[in-house]
Visitor: 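Pasting a structure here, questions to come.
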Amino acid sequence: MPLSPSRVKYRKQQRGSRAGMATRGNTLAFGAYGLMALERCWMDTRQIEAARVAITRAMKRRGKVWLRVFPDKPFTKKPLEVRQGTGKGAVESWVAVIRPANIILEVEGITESQAREAMRLVACKLPIKTKFITRHRVVNA
């Protein structure tokens with residue numbers, strides 16, 4: 001079953017603004033490695049699920065994964081060959097608003113080379129350019 005909110009206050013939303021950089025969710029909060037968005041988009045529930053499946057398969061059930069985006073915006077669409085007017089279309093699917101600098105997912109418990117390869121596979125499933133990032137830990141020598 002695709003990701004969607006269990007309940008919402010209003011069934012349909014306006015499109016809103018995708019402008020600007022992400023001011024929240026733009027730093028690693030849980031894992032050691034992450035995948036950062038470099039472009040803006042509406043990421044569909046199926047794209048997020050494809051990324052989740054790709055990362056869990058690539059990690060072979062080792063480590064831990066945190067999905068940092070959730071599709072909480074309803075996306076409406078009118079049926080084909082319907083005249084304009086007669087209100088807004090029905091909810092087609094749910095999307096997550098992605099801005100540049102958003103962290104899409106984080107992983108921990110695997111080596112950096114394994115994480116890089118897993119994130120490369122995930123990036124192929126996503127509709128935007130992404131960047132692999134790491135948490136900079138200070139090591140006392």
Visitor: Of all heavy-atom pairs between Pro100 and Met21, which one has the smallest distance, and what is that distance?
Guide: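 Heavy-atom minimum between the residues: CB-SD, 3.5 Å.
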
Visitor: Closest approach of Thr56 and Val53, non-hydrogen atoms and distance?
Guide: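 The pair with the smallest heavy-atom distance is OG1-O, 3.0 Å.
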
Visitor: Under the rule for side-chain hydrogen bond (donor to acceptor under 3.5 Å, both in side chains), what residues qualify as partners of Glu112, not counting sequence neighbours?
Guide: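 Only Arg116 meet the side-chain hydrogen bond (donor to acceptor under 3.5 Å, both in side chains) criterion with Glu112.
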
Visitor: Quick one: name the residues clustered hydrophobically with Tyr10, using the 4.5 Å side-chain heavy-atom rule over I, L, V, M, F, W, Y, and just say none if it's on its own.
Guide: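 Once heavy-atom contacts under 4.5 Å are chained together, Tyr10 still belongs with nothing else.
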
Visitor: When Ile, Leu, Val, Met, Phe, Trp and Tyr are grouped by side-chain heavy atoms lying under 4.5 Å apart, directly or through other members, which residues fall in the same group as Met36?
Guide: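 Same cluster as Met36: Leu28, Ile103, Ile133.
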
Visitor: For Arg120, what residues pass the salt bridge (charged side-chain N to carboxylate O under 4.0 Å, His left out) criterion, not counting sequence neighbours?
Guide: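 Here the qualifying residues are Glu117.
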
Visitor: Does NZ belonging to Lys77 count more than 12 external heavy atoms closer than 6.0 Å?
Guide: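 Counting neighbours around NZ of Lys77, 12 or fewer heavy atoms of other residues, nucleotides or ligands fall under 6.0 Å, so no.
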
Visitor: By the side chain to side chain donor-acceptor pair (under 3.5 Å) test, which pairs, at least two apart or in different chains, include something from residues 78-102?
Guide: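 Every pair satisfying side chain to side chain donor-acceptor pair (under 3.5 Å) with a residue in residues 78-102: Asp44-Ser93.
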
Visitor: Who pairs with Phe132 by ring pair (Phe, Tyr, Trp, His ring centres under 6.0 Å), at least two apart in sequence or on another chain?
Guide: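 Testing Phe132 for ring pair (Phe, Tyr, Trp, His ring centres under 6.0 Å), a comparison that skips the adjacent residues, returns Tyr33.
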
Visitor: So how far is it from Arg57 CZ to Leu121 CG, rounded to the nearest 0.5 Å?
Guide: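 Arg57 atom CZ to Leu121 atom CG measures 11.5 Å (nearest 0.5 Å).
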
Visitor: Sequence neighbours excluded, which residues qualify as side-chain hydrogen bond (donor to acceptor under 3.5 Å, both in side chains) partners of Thr111?
Guide: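 Applying side-chain hydrogen bond (donor to acceptor under 3.5 Å, both in side chains) to Thr111 gives Ser113, Gln114.
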
Visitor: Do the non-hydrogen side-chain atoms of Thr130 and Met119 ever get within less than 4.5 Å of each other?
Guide: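 Sidechains of Met119 and Thr130: no contact.
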
Visitor: Counting neighbours of CZ on Arg18 that are heavy atoms of other residues, nucleotides or ligands and sit closer than 6.0 Å, is the number greater than 12?
Guide: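 Counting other residues, nucleotides and ligands, CZ of Arg18 exceeds 12 neighbours.
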
Visitor: Do side-chain atoms of Arg40 reach the backbone of Gly20 as a donor and acceptor pair under 3.5 angstrom?
Guide: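 Side chain of Arg40 to backbone of Gly20, a donor-acceptor pair under 3.5 Å: yes, one is there.
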
Visitor: Would Leu35 and Ile55 count as a side chain to side chain contact (heavy atoms under 4.5 Å, CB included) if you check the C-alpha gap in whole Å, the side-chain angles of each, and the deciding distance to 0.1 Å?
Guide: CA-CA 11 Å; Leu35 196 65; Ile55 193 84; over 6 Å; no

Visitor: Among pairs that include at least one residue of residues 96-128, which meet ring pair (Phe, Tyr, Trp, His ring centres under 6.0 Å), considering only residues two or more places apart or in two chains?
Guide: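 For residues 96-128, and leaving out neighbouring residues, there are no ring pair (Phe, Tyr, Trp, His ring centres under 6.0 Å) pairs at all.
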
Visitor: Could you name each residue pair satisfying ring pair (Phe, Tyr, Trp, His ring centres under 6.0 Å) that touches residues 102-128, not counting sequence neighbours?
Guide: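 Listed by first then second residue: nothing to list.
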
Visitor: Tell me the closest heavy-atom pair linking Glu39 and Ile128, and the distance in Å.
Guide: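 Where Glu39 meets Ile128 most closely, the heavy atoms are OE1-CA, 3.5 Å.
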
Visitor: Of all residues at least two apart in sequence or in a different chain, which pass the side-chain contact (heavy atoms from CB on, under 4.5 Å) check with Ala54?
Guide: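 Expected list: Val122, Lys125.
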
Visitor: Taking atom CE of Met43 and atom OG1 of Thr45, what is their separation to the nearest 0.5 Å?
Guide: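 Here the interatomic distance stands at 11.5 Å.
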
Visitor: Please set out all donor-acceptor pairs under 3.5 angstrom arising from side-chain atoms of residues 62-73, sequence neighbours excluded.
Guide:
unit_1: Arg68; atom_1: NH1; unit_2: Thr27; atom_2: O; d: 3.3
unit_1: Arg68; atom_1: NH1; unit_2: Glu106; atom_2: OE2; d: 2.3
unit_1: Lys73; atom_1: NZ; unit_2: Gln13; atom_2: OE1; d: 3.3
unit_1: Lys73; atom_1: NZ; unit_2: Gln14; atom_2: O; d: 3.0
unit_1: Lys73; atom_1: NZ; unit_2: Arg15; atom_2: O; d: 3.0

Visitor: Mind checking who shares a hydrophobic cluster with Trp42, ILVMFWY linked at side-chain heavy-atom distances under 4.5 Å?
Guide: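 Trp42 shares its hydrophobic cluster with Phe75, Val95, Val97.
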
